[in-house]
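Report on one structure; see the data block that follows.
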There are 2 protein chains.
Amino acid sequence: MKKGNAKRQAILDTAYRLFLAQGYDNTSMSEITTQVGGSKATLYHHFASKEELFVACMTAAIDQHVAGALASLSTDPDDMAMTLRRFGESFLQFVSSSDMVAVRRQMVAEASRLGVGKLFFDKIQTIGNEVALFLSACMASGKLRRDDSVLAANHLRGLLEAEILEPLLLQALETPPDDAEKNGMAQRAVAAFLRAYAPDDSRTLFE
Amino acid sequence: MKKGNAKRQAILDTAYRLFLAQGYDNTSMSEITTQVGGSKATLYHHFASKEELFVACMTAAIDQHVAGALASLSTDPDDMAMTLRRFGESFLQFVSSSDMVAVRRQMVAEASRLGVGKLFFDKIQTIGNEVALFLSACMASGKLRRDDSVLAANHLRGLLEAEILEPLLLQALETPPDDAEKNGMAQRAVAAFLRAYAPDDSRTLFE
DNA sequence: ATCAAACCGTACTGTACGGTACGATTTTCT
DNA sequence: AGAAAATCGTACCGTACAGTACGGTTTGAT
């Protein structure tokens, strides 16, 4: 059962690429078959229906991509500002990557299909929970104002995405921003967040 | 030319409702014809193609809805906090209405179709520009820290949408939040924004 | 060696849909 | 009234696509 899994994976890879590039409705099973090589019977041997194949592609993509975002959050509250800046940069690189934007667009477009939207949302939530945990530690140690840490994590995400996510999803930019611009957005977002959640009695933290 | 426009409007209304509820691909011209009554020839008399009808629906929806959001921003910087709170509430009610969420989902899903995504994004931008103008006045009068007003407007929008937009787009909530919850979100977002953009020398503005 | 699973190619079915044709009828404008 | 535009009903065309059928071939495990 080695070639079996290899073929299955090849189908997943090709289908993933086509679904992201063209969308669900504009990608036919025959096209996937042609590009992956082989026969449509083999495809239906591995996946009972087009919908099942789509969901399999998306769940795999979610798991794979979210792992990358979580890795960049070192839970060391000692140099909070630096940690947040690094996290902000890598999170923004993550969510604004062309793959991730394409995944998100498919999730929104086909949200109702087999609850794939909720699946994606739950995964995103796990990132938020990790961030909330870190922020909670910062609040406990007086580095941040005490407040609902989940709310704070949501606000941080909102600030990080504020400049970039919408135009990318709507394909409203001719030239996508490069890494330096994204890092600038992350810097500005984290700076705003630190001001918003600074302890009440500290006003000399920022130059 | 009275019944002509009436029929055209009836087609638009029905198509708008079906497109939002079912999406572009899952809505057939025959279904629109059946629900609006009459003949498919009449439909094609008013709209040359399915795509043209879709774009007509979306542009109409955009114009109509954006007007509502802009109305709630009184440009009086004297009671800035109150103005922002009221704007935040109505903006959030606006973007989280079921119609607007459905429109946005279609925009994302069909962003590449005839550049309808960019069309939508530009309209949203006009709201942001108005807000930026207001914030700029607040900065000039010392009520807010001096900074890029467009950035500040983006951050405000990011904070407002942070708790609610994503789960709605992904249809990840069983029960959508009611007006009171939305107002709470707006309050929290505006409070965070005011802290983030408070003048450097004011630390007693918030209780 | 053998058996079962996986694979291939090709052709096929049924259906759904965008768009057209066409002739008849109604409404609107002047 | 009478021309022009809009509307109607129904049938139709071409096509694209999800899924199936089927007979033959390769591959892997025991």
Side-chain angles (χ1 to χ4, degrees), chain A residues 1-60 105-106 109-116, chain B residues 1-60 105-106 109-116:
Chain A
M1 197 177 285
K2 193 171 52 181
K3 185 177 177 184
N5 283 346
K7 191 70 181 182
R8 182 191 170 91
Q9 195 57 45
I11 294 172
L12 273 175
D13 291 343
T14 301
Y16 173 76
R17 181 170 45 84
L18 289 177
F19 277 142
L20 285 200
Q22 307 175 335
Y24 181 83
D25 286 300
N26 294 321
T27 302
S28 75
M29 294 297 258
S30 297
E31 185 179 7
I32 296 172
T33 300
T34 300
Q35 292 215 7
V36 81
S39 162
K40 208 149 68 158
T42 303
L43 200 157
Y44 276 95
H45 173 74
H46 287 286
F47 303 95
S49 68
K50 184 181 183 181
E51 198 154 318
E52 182 178 317
L53 174 58
F54 177 75
V55 174
C57 288
M58 290 301 121
T59 54
R105 184 180 357 252
Q106 291 311 311
E110 312 291 337
S112 61
R113 201 177 295 273
L114 291 185
V116 84
Chain B
M1 197 176 288
K2 193 173 52 181
K3 185 177 178 185
N5 283 345
K7 190 71 182 184
R8 181 190 170 92
Q9 195 57 45
I11 293 172
L12 273 175
D13 291 343
T14 300
Y16 173 76
R17 180 169 46 83
L18 290 177
F19 279 141
L20 285 200
Q22 307 176 334
Y24 181 82
D25 287 300
N26 294 321
T27 302
S28 75
M29 295 297 258
S30 298
E31 184 179 6
I32 296 173
T33 301
T34 301
Q35 290 215 7
V36 80
S39 161
K40 208 149 67 157
T42 303
L43 199 158
Y44 276 93
H45 173 74
H46 287 286
F47 303 95
S49 69
K50 184 181 183 181
E51 199 154 315
E52 182 178 317
L53 175 58
F54 178 75
V55 174
C57 287
M58 290 302 121
T59 54
R105 180 174 4 238
Q106 292 310 311
E110 312 291 337
S112 61
R113 201 178 295 275
L114 290 184
V116 84

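Residue numbers begin at 1 in each chain, while the letters A, B, ... track the order of the sequences.
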What residues, two or more places apart in sequence or in another chain, satisfy side-chain hydrogen bond (donor to acceptor under 3.5 Å, both in side chains) together with [X]?
X	result
T42(A)	none
D13(B)	Q9(B)
T33(B)	none

I want to verify a distance call: between [options], whose nearest atom is closest to the [X] side chain?
X	options	value
S49(A)	dG19(D), dC8(D), dT7(D)	dG19(D)
A41(A)	dC8(C), dG19(D), dA21(C)	dC8(C)
Y44(B)	dA18(D), dC8(D), dT20(C)	dT20(C)
K50(B)	dC8(D), dC7(C), dG19(C)	dG19(C)

Checklist entry - For dT7(D), does either OP1 or OP2 sit under 4.0 Å from a side-chain N or O belonging to H46(B)? => result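 Checking dT7(D) against H46(B), a side-chain N or O does come within under 4.0 Å of OP1 or OP2.
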What is the separation between atom [atom1] on [X] and atom [atom2] on [N], rounded to the nearest whole Å?
X	N	atom1	atom2	result
F47(A)	dC7(C)	CZ	C1'	15 Å
L43(B)	dG18(C)	CG	P	10 Å
R8(A)	dC7(C)	CZ	C1'	16 Å
H45(B)	dA4(D)	NE2	C1'	11 Å

Checklist entry - Which residue pairs satisfy the salt bridge (charged side-chain N to carboxylate O under 4.0 Å, His left out) criterion with at least one member in residues 44-53 of chain A, sequence neighbours excluded? => result E51(A)-R113(A)
Item to check | Sequence neighbours excluded, every pair satisfying salt bridge (charged side-chain N to carboxylate O under 4.0 Å, His left out) that has a member inside residues 24-48 of chain B | outcome: none
Checklist entry - Is the shortest heavy-atom distance from the side chain of L18(B) to the side chain of N26(B) under 4.5 Å? => result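 Of all side-chain heavy-atom pairs linking N26(B) with L18(B), none is under 4.5 Å.
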Item to check | Validation row: H46(A), L12(A) side chains within 4.5 angstrom (heavy atoms) | outcome: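 The answer is no; the side chains never approach within 4.5 Å.
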If I compare all heavy atoms of [X] with all of [Y], which pair ends up nearest, and what's the gap?
X	Y	answer
I11(A)	L53(A)	CG2-CD1, 4.1 Å
M58(B)	V116(B)	CB-CG2, 4.0 Å
R105(A)	A111(B)	NH1-CB, 4.3 Å

Checklist entry - Can you list the steps and then say if R17(B) with I32(B) is a side chain to side chain contact (heavy atoms under 4.5 Å, CB included)? => result CA-CA 10 Å; R17(B) 180 169 46 83; I32(B) 296 173; over 6 Å; no
Next on the checklist: Going by ring-ring contact (aromatic ring centres under 6.0 Å, His included), name the residues that satisfy it together with Y24(A), two or more places apart in sequence or in a different chain.
Outcome noted: F19(A), F54(A)
Item to check | Pairwise distance NZ(K7(A)) to CG(L43(A)) - rounded to 0.5 angstrom | outcome: 9.0 Å
Item to check | Members of residues 18-31 of chain B that approach DNA chain D, where some heavy atom sits under 4.0 Å away | outcome: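 Heavy-atom contacts with DNA chain D come from no residue of residues 18-31 of chain B; none.
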Item to check | Those residues of residues 32-39 of chain B lying under 4.0 Å from DNA chain D by at least one heavy atom | outcome: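 Hits under 4.0 Å, by residue number: G38(B), S39(B).
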Item to check | Bend angle of the helix from dA1(C)-dT30(D) to dT30(C)-dA1(D), end axes from five pairs each (to 10°) | outcome: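 Its terminal axes enclose an angle near 30°.
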Checklist entry - Do T59(A) side-chain atoms and A56(A) backbone N/O form a donor-acceptor pair below 3.5 Å? => result yes
Protein-nucleotides 11-13 of chain C N/O pairs closer than 3.5 Å?
none

